[in-house]
There are 2 protein chains.
Amino acid sequence: MKAVKIPEATITRLSMYSRLLEWLDRRGVITVSSSDIAEGVGVSPAQVRKDLAYFGEFGTRGVGYNVKDLLHYTMKILGLTHPWPMALAGAGNLGTALCTHHGFRDRGFSIVGVFDNDLTKIGKRIGDIMVHPLEDMPEAIHSLGIKIGIIAVPPRGAQEVADIMLKNNIAAILNFAPIALNIPDNVLVRNVDLSVKLEVLTFNLKYRGSVAGEPD
Amino acid sequence: MKAVKIPEATITRLSMYSRLLEWLDRRGVITVSSSDIAEGVGVSPAQVRKDLAYFGEFGTRGVGYNVKDLLHYTMKILGLTHPWPMALAGAGNLGTALCTHHGFRDRGFSIVGVFDNDLTKIGKRIGDIMVHPLEDMPEAIHSLGIKIGIIAVPPRGAQEVADIMLKNNIAAILNFAPIALNIPDNVLVRNVDLSVKLEVLTFNLKYRGSVAGEPD
DNA sequence: GTATGTGAAACCGTTCACAGCA
DNA sequence: TGCTGTGAACGGTTTCACATAC
C-alpha cells in the first residue's frame with residue numbers, strides 16, 4: 001500500500017494469479033516461480049514480478065514464491081479476507097445464472113438478496129434464496145450490510161435500479177445492462193458487456209485475419 | 001483499414017458508439033457531434049474523434065456526424081454487415097442466459113447450436129433450439145458455417161470443449177470458464193471472467209476508498 | 001546457478017491544442 | 001463561428017536487462 005498509482009490491469013492480473021495460486025495450493029504445490037505463474041495465466045514473467053512488486057517483496061531470490069503465502073497475500077490485497085454479500089437486481093435468465101454461479105462463492109462473494117419487479121418472478125426460488133420485490137431491496141441493503149450491487153435487468157430498467165442502489169449507499173455496482181449508467185464519482189462501477197466482447201472478436205476476424213493476444 | 005495498429009480499446013469503444021448510434025437513429029436523430037457521442041458513452045470528445053480517425057473521415061467540420069451514415073460505417077468496421085452464427089457449449093444456467101440474451105440478436109449474433117454432454121440436459125429446449133450432445137458440435141460447426149464458439153461449461157470441461165472447437169476450425173472463442181485456455185495463436189480468444197471483475201471492485205473498495213472511472 | 005526485484009528504456013494510448021474546413 | 005481531424009506532447013504500462021540475494 002504505497003502512495004503509488006496501481007494500474008487497473010495489475011489488479012485484474014492479481015486476481016488471476018490469486019485463482020491460479022488457489023489451484024496450485026489445492027494440488028499441494030509448495031513453490032512457484034514468476035515464470036510458472038506467467039505461463040499459468042498467459043502473461044510475461046517480468047509482468048508478474050512487476051505486479052507483485054507494487055505490494056511488497058513476496059519471493060525468495062533463486063527460489064520463487066511460496067504458494068500458500070502468496071495466495072494469502074493476494075487475497076488480502078484484493079480485499080477477500082472477509083465475505084462480500086451482494087444484492088442482485090433482475091431474476092431473469094442472467095440473474096439466475098449469476099445466483100448459481102460457482103465462481104462467486106468460491107471467492108467469497110455471495111448473493112444474499114435477489115430483487116425484481118416482475119410479478120411472475122417474485123416469490124420464486126433461485127437456489128436457496130427467494131426473489132423479492134424491488135422495493136424490498138433498500139431494507140435488505142441496510143440490514144445485511146450489502147456494499148455491492150449487481151444489475152442484471154433489461155436496459156430500460158437499469159438506471160432506475162441503479163438509482164435505488166445509489167440512494168441506499170451501495171459502494172460498487174457490477175452492471176450487465178448495455179447502457180452507460182449515470183453514477184456519481186464516489187461509487188464504483190464496472191460494466192460487463194457481452195456484445196462488445198463479441199464485436200471485438202468479429203472486428204478482429206474481419207480485419208486482422210487472425211491474431212491472438214488477450215489484452216483484457 | 002490502414003497499416004496502423006488499432007488499439008483494442010478503440011474497438012471496444014467503437015462498439016459502444018455503434019450501439020448509441022443505433023439508439024439515436026431509432027429516435028430520429030439526424031446529426032451528432034463528437035461531444036454528444038462522448039457524453040453518451042462516457043469518454044472524451046477527443047477520444048471519439050481519434051477513434052473514428054483510425055478508419056476515415058466520417059464527419060463534417062462545423063456540423064458533426066450523420067447518425068445513419070456513421071452507424072453504417074461502425075457496423076461495417078466491426079464486421080456486422082452479415083449475421084454471425086455461433087455455437088454454444090454448456091446448457092447450464094449461464095448457457096441458458098446467453099441463449100436468450102437479447103443483446104446478441106440485436107447486433108446480428110445468434111446461437112444456432114447448443115451442446116452439452118450432461119444427459120439430463122440433452123434434448124431440452126432453450127428458447128427455440130434444442131440441446132444436442134457435444135459430439136454433434138463438429139458437424140454443426142461445418143454445416144452451419146460457424147466461426148465463433150462460446151464456452152459456458154464448468155472449468156473442468158473447458159479445455160476439452162476448446163479442443164473440439166479448435167479441431168473443427170473455429171476462428172474465435174468467447175470463454176466464460178475462469179481458466180486460461182490453451183489456444184494456438186491463430187485463434188482469437190476473449191475471456192469473460194466475472195469474479196475478476198468483482199475483485200477489481202473489492203480491491204478498489206478496500207484501497208482507494210472510492211474512486212470512479214471505468215477503464216475497461 | 002537460479003530466480004527475484006527494479007531502475008531505465010521502449011512502447012502504447014490518451015489528451016492537448018490548433019489547423020482546416022463547412 | 002463551430003466542430004472535425006490530427007501532429008505533438010504527455011502520461012502510463014510493459015519490457016528489458018542486470019544487480020541482488022539465496
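Note on naming: letters A, B, ... go to the chains in the order of the sequence lines (proteins, then strands), and numbering restarts at 1 for each one. Quick note: numbers below take in every heavy atom, side chains included, and nothing from hydrogens, waters or symmetry partners.
Residues passing the salt bridge (charged side-chain N to carboxylate O under 4.0 Å, His left out) test with A:Asp193 are B:Arg19, sequence neighbours excluded. Residues that satisfy the salt bridge (charged side-chain N to carboxylate O under 4.0 Å, His left out) test with A:Asp118, not counting sequence neighbours, are A:Lys121. B:Tyr65 pairs by the side chain to side chain donor-acceptor pair (under 3.5 Å) definition with nothing, not counting sequence neighbours. Taking B:Ser195 as the reference, nothing meets the side chain to side chain donor-acceptor pair (under 3.5 Å) condition, with sequence neighbours excluded. By the salt bridge (charged side-chain N to carboxylate O under 4.0 Å, His left out) test, B:Lys68 is found to be paired with B:Asp25, residues two or more places apart in sequence or in another chain being considered. With sequence neighbours left out, the salt bridge (charged side-chain N to carboxylate O under 4.0 Å, His left out) criterion links B:Glu22 to B:Arg107. With sequence neighbours excluded, no residue forms a side chain to side chain donor-acceptor pair (under 3.5 Å) with B:Thr96. A search for side chain to side chain donor-acceptor pair (under 3.5 Å) contacts involving B:Thr60 returns nothing, not counting sequence neighbours.
Of the residues in residues 32-52 of chain B, those lying under 4.0 Å from DNA chain D by heavy-atom distance are B:Ser33, B:Ser34, B:Arg49, B:Lys50.
Rounded to an integer number of Å, the gap from CG of A:Asp69 to P of C:dT4 is 15 Å. The nearest whole Å value for the distance from the CG atom in B:Leu14 to the P atom in C:dT14 is 13 Å. Remark: C1' of C:dC12 and CD of A:Glu8 are 18 Å apart, rounded to the nearest angstrom.
Contact footprint of chain A on DNA chain D: nucleotides with an atom under 4.0 Å from a non-hydrogen protein atom, first to last in 5' to 3' order, D:dG12 to D:dC22.
Comment: B:Glu199 does not engage A:Arg190 in a salt bridge, judged by the lack of any side-chain N to carboxylate O separation of less than 4.0 angstrom.
Ring pair B:Tyr207/B:Phe203 is parallel by interplanar angle, where below 30° counts as parallel and above 60° as perpendicular.
Under 4.0 angstrom from either OP1 or OP2 of C:dG5 there lies at least one side-chain N or O belonging to A:Tyr65.
A distance-only check finds a donor-acceptor pair linking the side chain of B:Asp36 to the backbone of B:Ser33 [under 3.5 Å].
For the residue pair A:Arg105 and A:Ser110, no side-chain donor N or O sits within less than 3.5 Å of a side-chain acceptor on the partner.
Helix bend of the helix from C:dG1-D:dC22 to C:dA22-D:dT1: the angle between its two end axes, each built from five pairs, comes to 0° after rounding to 10°.
Looking at B:His102 and A:Pro154, their side chains never come closer than 4.5 Å, going by heavy atoms from C-beta outward.
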Restricting both atoms to N or O, compile the protein contacts to nucleotides 19-22 of chain C shorter than 3.5 Å, with distance only.
residue: C:dG20; atom: O4'; partner: B:Arg61; partner atom: NH1; Å: 3.3
residue: C:dG20; atom: N3; partner: B:Arg61; partner atom: NH1; Å: 3.1

